[in-house]
Chemist: 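My questions all concern the structure below.
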Amino acid sequence: MKRLSLLLVLLLLAALALVACQPSGGTTAPEATVPAEESAPTEEEAAPTEEEASGEETAAFECTDAIGCVEVAAGDPIQIASALVISGPNADLGLDSQHGVEIALMMRPELLGHAVELIAEDDGCSAEGGQTAGTKIVANPQIVGAIATSCSGAGVPFSQIASDAGYVTISPSNTSPALTDPNQAFHIGYLRTAHNDLIQGAAMADYAYDVRGFTKAAAIHDGDPYTEGLAQAFADAFTAKGGEMVAFEAEAADATNVEPLLTTIAASQPEFLYFPVFIPLGSLITNTAKTIPGLENVQLAAADGVQSPSFLENTVGTSEGMVVSGPDLAFSNTFYQDEFLPMYEADYGTAPTAPFHAHAFDATNMLLNAIEAVAQQDADGNLLIGRQALRDALYATSGYEGITGTLTCTEFGDCADPKIAVSEVQNGEFVRIWP
């Protein structure tokens with residue numbers, strides 16, 4: 001009897017074990033199954049779900065750029081920045097370039113299905129202003145690149161801040177040789193459509209020595225990378241031709257009395273006085289020079305830092321007959337005269353107020369072209385813009401036909417097709433006289 005009870009218990013346990021091994025549906029498994037590796041997938045298994053397909057697409061659309069990407073969601077604008085001198089005594093210089101940027105965006109308001117939005121900062125035409133503007137811009141990770149700065153003094157700190165953050169910078173009017181010199185102030189990611197002042201200095205030396213026959217010259221700068229660099233470039237080229245630099249002086253940009261400086265220079269008996277400074281100091285030197293004994297007949301000369309209506313208003317009468325070097329705006333293409341200038345005057349109610357509006361237009365289009373070339377776009381319109389890819393595309397610019405000429409960039413960011421002219425103040429206006 002005990003054996004029978006034990007046998008019944010064992011049979012019951014075996015039955016329970018068989019039930020526990022059945023599929024959840026409760027049906028009995030077939031006696032033979034197709035091995036797993038040979039079984040055909042069901043229709044559901046063969047086609048991935050929408051969620052799976054979306055996941056695979058997302059995984060493929062990812063940033064692989066060495067220094068990161070700007071992500072622009074479908075429907076959001078592509079943001080670029082400007083940092084130009086748009087207030088204060090040198091505003092004519094920066095607002096002129098700002099207008100060039102804006103005209104480029106009026107003509108190309110959309111890129112890859114996205115609106116292009118401009119965020120404008122002020123470079124203050126100073127190192128402090130450049131640092132402040134650069135810090136603001138790199139704090140916004142959506143900004144792709146910047147058209148900056150107006151003044152080389154602002155460009156030195158700005159370009160370093162932008163470079164360290166992985167951004168690109170294209171300047172329409174920085175001309176200091178230091179900014180594209182790897183042994184001085186060049187930072188990767190920086191380019192410019194403005195000329196290098198090694199070229200402007202040499203051109204002004206050609207005019208003074210070869211055209212006018214002057215053999216003794218003096219120069220004044222204010223310590224800014226632009227003013228000192230251009231004055232030095234002129235001095236080097238002038239002495240290389242056989243001329244003599246009888247004075248090379250510095251004066252503070254905010255000076256209020258330049259009589260002692262000019263009296264010292266007059267004692268050295270120059271024939272040609274070159275002061276490539278900005279509007280406030282340039283106006284003061286111009287208004288004072290003719291009152292200094294020994295400078296009455298000296299040829300006064302400045303550069304593009306004063307080539308504006310404000311300077312002419314500040315120096316009525318005293319600037320008559322002085323000469324100014326700067327970019328040559330006698331462009332061979334018809335677009336500048338037939339389309340660009342009419343848009344400028346219609347939109348801003350004035351003729352250009354400085355020489356760099358066309359360079360700003362070219363800089364903006366170079367940046368837009370590079371963005372368009374490197375951006376990845378998915379089916380929904382989302383963009384990934386690689387920062388290193390953008391740098392590479394800009395430095396690879398070659399044979400670009402802009403307003404200012406045919407632009408090709410060097411490895412250190414000089415992209416201009418440089419042409420320099422000399423203008424003379426005649427009846428209160430700048431009139432191109434050479435070449």
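The figures that follow rest on heavy atoms only: side chains count, while hydrogens, waters and symmetry mates do not. For clarity, every value in this text was computed on a predicted model and none was experimentally measured.
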Chemist: Aromatic rings His359 and Phe331: how do their planes relate, parallel, tilted or perpendicular, breaks at 30° and 60°?
Modeler: perpendicular
Chemist: Using the test salt bridge (charged side-chain N to carboxylate O under 4.0 Å, His left out), find all partners of Glu372 that sit at least two apart in sequence or belong to another chain.
Modeler: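 Glu372 satisfies salt bridge (charged side-chain N to carboxylate O under 4.0 Å, His left out) with Arg108 only.
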Chemist: Could you walk me through whether Phe311 and Thr286 pass the side-chain contact (heavy atoms from CB on, under 4.5 Å) test, one step at a time?
Modeler: CA-CA 10 Å; Phe311 173 76; Thr286 302; 3.5 Å; yes
Chemist: Using side-chain heavy atoms (C-beta onward) and a distance below 4.5 Å, is Leu273 in contact with Leu262?
Modeler: yes
Chemist: Kindly give the heavy-atom pair with the smallest separation between Gly94 and Ser150, and that separation in Å.
Modeler: CA-OG, 3.4 Å
Chemist: Compare every heavy atom of Leu281 with every heavy atom of Ala253, then report the nearest pair and how far apart it is.
Modeler: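 That would be O-CB, 3.8 Å.
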Chemist: Could you check whether any side-chain N or O of Tyr395 sits under 3.5 Å from a backbone N or O of Gly189, counting only pairs where one atom can act as donor and the other as acceptor?
Modeler: yes
Chemist: Looking at Pro355 and Gln307, what are the two nearest heavy atoms and their distance?
Modeler: CG-OE1, 3.8 Å
Chemist: How would you list, by chain and number, every residue that makes a salt bridge (charged side-chain N to carboxylate O under 4.0 Å, His left out) with Asp210, sequence neighbours excluded?
Modeler: Lys241
Chemist: Quick one: does any side-chain atom of Ser152 pair with a main-chain N or O of Ser176 as donor and acceptor, under 3.5 Å?
Modeler: yes
Chemist: With a 3.5 Å cut-off and sequence neighbours excluded, list the donor-acceptor pairs that the side chains of residues 341-351 form with protein atoms.
Modeler:
from, atom 1, to, atom 2, distance (Å)
Tyr344, OH, Asp96, OD1, 2.7
Tyr348, OH, Glu102, OE1, 2.6

Chemist: Tell me if the CD atom of Glu71 is crowded by more than 12 foreign heavy atoms within 6.0 Å.
Modeler: no
Chemist: Do Thr410 and Thr180 make a side-chain contact, defined as non-hydrogen atoms from C-beta onward lying under 4.5 Å apart?
Modeler: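 In short, these two side chains do not touch, never coming nearer than 4.5 Å.
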Chemist: Show the numbers, then the answer: is there a side-chain contact (heavy atoms from CB on, under 4.5 Å) between Val246 and Gln269?
Modeler: CA-CA 7 Å; Val246 296; Gln269 300 182 326; over 6 Å; no
Chemist: Closer than 3.5 angstrom, by distance alone: can the side chain of Thr315 be matched with the main-chain N or O of Thr318 as a donor-acceptor pair?
Modeler: no
Chemist: Which distance, rounded to the nearest 0.5 Å, do you find between the CD of Glu271 and the OG1 of Thr215?
Modeler: 4.0 Å
Chemist: For the residue pair Met204 and Val323, establish whether any side-chain heavy-atom pair is separated by less than 4.5 Å.
Modeler: yes
Chemist: Would you list the pairs meeting salt bridge (charged side-chain N to carboxylate O under 4.0 Å, His left out) in which at least one residue belongs to residues 123-138, sequence neighbours left out?
Modeler: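 Residue pairs with at least one partner in residues 123-138: Glu121-Lys136.
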Chemist: So, Tyr336 versus Phe361, ring centres under 6.0 angstrom or not?
Modeler: no
Chemist: Kindly write out the residues that satisfy salt bridge (charged side-chain N to carboxylate O under 4.0 Å, His left out) with Lys419, not counting sequence neighbours, or none if the list is empty.
Modeler: Asp417
Chemist: If we ignore hydrogens and angles and just use 3.5 Å, is the side chain of Arg387 paired with the main-chain N or O of Val144 as donor and acceptor?
Modeler: yes
Chemist: Which residue pairs pass the disulfide bond (SG atoms under 2.5 Å apart) test with at least one member in residues 334-386, sequence neighbours excluded?
Modeler: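 Passing the test, one end in residues 334-386: no pairs.
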Chemist: Rounded at 0.5 Å granularity, tell me how far CG in Asn196 sits from CG in Asn174.
Modeler: 11.0 Å
Chemist: Determine whether a donor-acceptor pair (N or O, by modelled atom type, separation under 3.5 Å) exists between the side chain of Asp92 and the backbone of Ser308.
Modeler: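 No; judged by distance alone, with no hydrogens or angles, the pair does not exist.
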Chemist: Determine yes or no for a side-chain-to-main-chain donor-acceptor pair under 3.5 angstrom, with Asp181 supplying the side chain and Asn183 the backbone.
Modeler: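 Pair found, side chain donor or acceptor close to backbone of Asn183.
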Chemist: Indicate the ring-plane relationship of Phe272 and Phe214, choosing parallel, tilted or perpendicular according to the 30° and 60° boundaries.
Modeler: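 Taking Phe214 first and then Phe272, their aromatic rings sit tilted (interplane angle of 30° to 60°).
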Chemist: Measuring from atom CG of Leu329 to atom CD of Gln337, what distance do you get when rounded to the nearest 0.5 angstrom?
Modeler: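 Answer for the CG-CD pair, Leu329 versus Gln337, is 9.5 Å.
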Chemist: Kindly say whether the aromatic ring centers of Phe278 and Tyr226 come within a distance under 6.0 Å.
Modeler: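 Distance test on ring centres: under 6.0 Å, yes.
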Chemist: Side-chain contact, heavy-atom cut-off 4.5 Å: Gln376 with Cys63?
Modeler: no
Chemist: Answer yes or no: is there a side-chain heavy-atom contact under 4.5 Å between Ile119 and Ile137?
Modeler: no
Chemist: Under 3.5 Å, side-chain donor or acceptor atoms of residues 400-408 against the rest of the protein: list the pairs with distances, not counting sequence neighbours.
Modeler:
from, atom 1, to, atom 2, distance (Å)
Glu401, OE1, Thr406, OG1, 3.0
Glu401, OE2, Thr406, OG1, 2.9
Thr404, OG1, Asp362, OD2, 2.6
Thr408, OG1, Gly399, N, 2.9

Chemist: What are the two closest heavy atoms between Leu198 and Ala233, and how far apart are they?
Modeler: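 Heavy-atom minimum between the residues: CA-CB, 4.0 Å.
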Chemist: Taking Thr175 for its side chain and His195 for its backbone only, find out whether a donor-acceptor pair lies under 3.5 Å.
Modeler: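 Checking the backbone N and O of His195 against the side chain of Thr175, no donor-acceptor pair under 3.5 Å is found.
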Chemist: Strictly distance-based, threshold 3.5 Å: is any side-chain N or O of Thr132 a donor or acceptor partner for the main-chain N or O of Gly129?
Modeler: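 Such a contact is absent between Thr132 side chain and Gly129 backbone.
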Chemist: In residues 75-86, what donor-acceptor pairs under 3.5 Å come from side-chain atoms, sequence neighbours left out?
Modeler:
from, atom 1, to, atom 2, distance (Å)
Gln79, OE1, Asn140, ND2, 3.0
Ser82, OG, Gln98, OE1, 3.0
Ser82, OG, Gln98, NE2, 3.4

Chemist: What salt bridge (charged side-chain N to carboxylate O under 4.0 Å, His left out) pairs are there with at least one residue in residues 190-201, not counting sequence neighbours?
Modeler: Arg192-Asp414
Chemist: Going through the distances and angles, do Ser171 and Phe158 end up as a side-chain contact (heavy atoms from CB on, under 4.5 Å)?
Modeler: CA-CA 11 Å; Ser171 173; Phe158 186 99; over 6 Å; no
Chemist: Run the numbers on Arg212 and Tyr207 for side-chain contact (heavy atoms from CB on, under 4.5 Å), then give the verdict.
Modeler: CA-CA 6 Å; Arg212 298 291 301 277; Tyr207 173 77; 3.0 Å; yes
Chemist: Could you give all pairs that pass the salt bridge (charged side-chain N to carboxylate O under 4.0 Å, His left out) test and reach residues 324-334, with sequence neighbours left out?
Modeler: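 Qualifying pairs, neighbours excluded: Asp328-Arg432.
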Chemist: Not counting sequence neighbours, list each pair that qualifies as a side-chain hydrogen bond (donor to acceptor under 3.5 Å, both in side chains) and has a residue in residues 243-264.
Modeler: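 Non-adjacent pairs meeting side-chain hydrogen bond (donor to acceptor under 3.5 Å, both in side chains): zero.
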Chemist: Indicate yes or no for a side-chain donor-acceptor contact from Gln299 to the backbone of Gly321 under 3.5 Å, with no hydrogens or angles considered.
Modeler: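 At least one qualifying donor-acceptor pair exists.
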Chemist: Would you say Leu390 and Ile371 make side-chain contact, with heavy atoms under 4.5 Å?
Modeler: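 Counting from C-beta outward, Leu390 and Ile371 do come under 4.5 Å.
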Chemist: Is the shortest side-chain heavy-atom distance between Asp122 and Ser87 below 4.5 Å?
Modeler: yes
Chemist: Heavy-atom distance under 4.5 Å between the side chains of His357 and Phe340, does that happen here?
Modeler: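 His357 vs Phe340: side chains touch.
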Chemist: Testing the basics here: between Pro172 and Phe356, what is the closest heavy-atom pair and its distance to 0.1 Å?
Modeler: O-CD2, 3.2 Å
Chemist: So which heavy atom on Ile420 is nearest to which on Pro435, and how close?
Modeler: O-CD, 3.6 Å
Chemist: Taking the side chain from Thr227 and the backbone from Asp222, do they hold a donor-acceptor pair closer than 3.5 Å?
Modeler: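 Pair found, side chain donor or acceptor close to backbone of Asp222.
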Chemist: Would you say the rings of His221 and Phe275 are close, in the sense that their centroids are separated by under 6.0 Å?
Modeler: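 So the answer is no for these two rings.
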Chemist: Please list all pairs meeting salt bridge (charged side-chain N to carboxylate O under 4.0 Å, His left out) that have one or both residues in residues 304-324, counting only residues at least two apart or in different chains.
Modeler: none
Chemist: Does one side chain, of Tyr274 or Ser325, offer a donor that lies under 3.5 Å from an acceptor on the other?
Modeler: yes
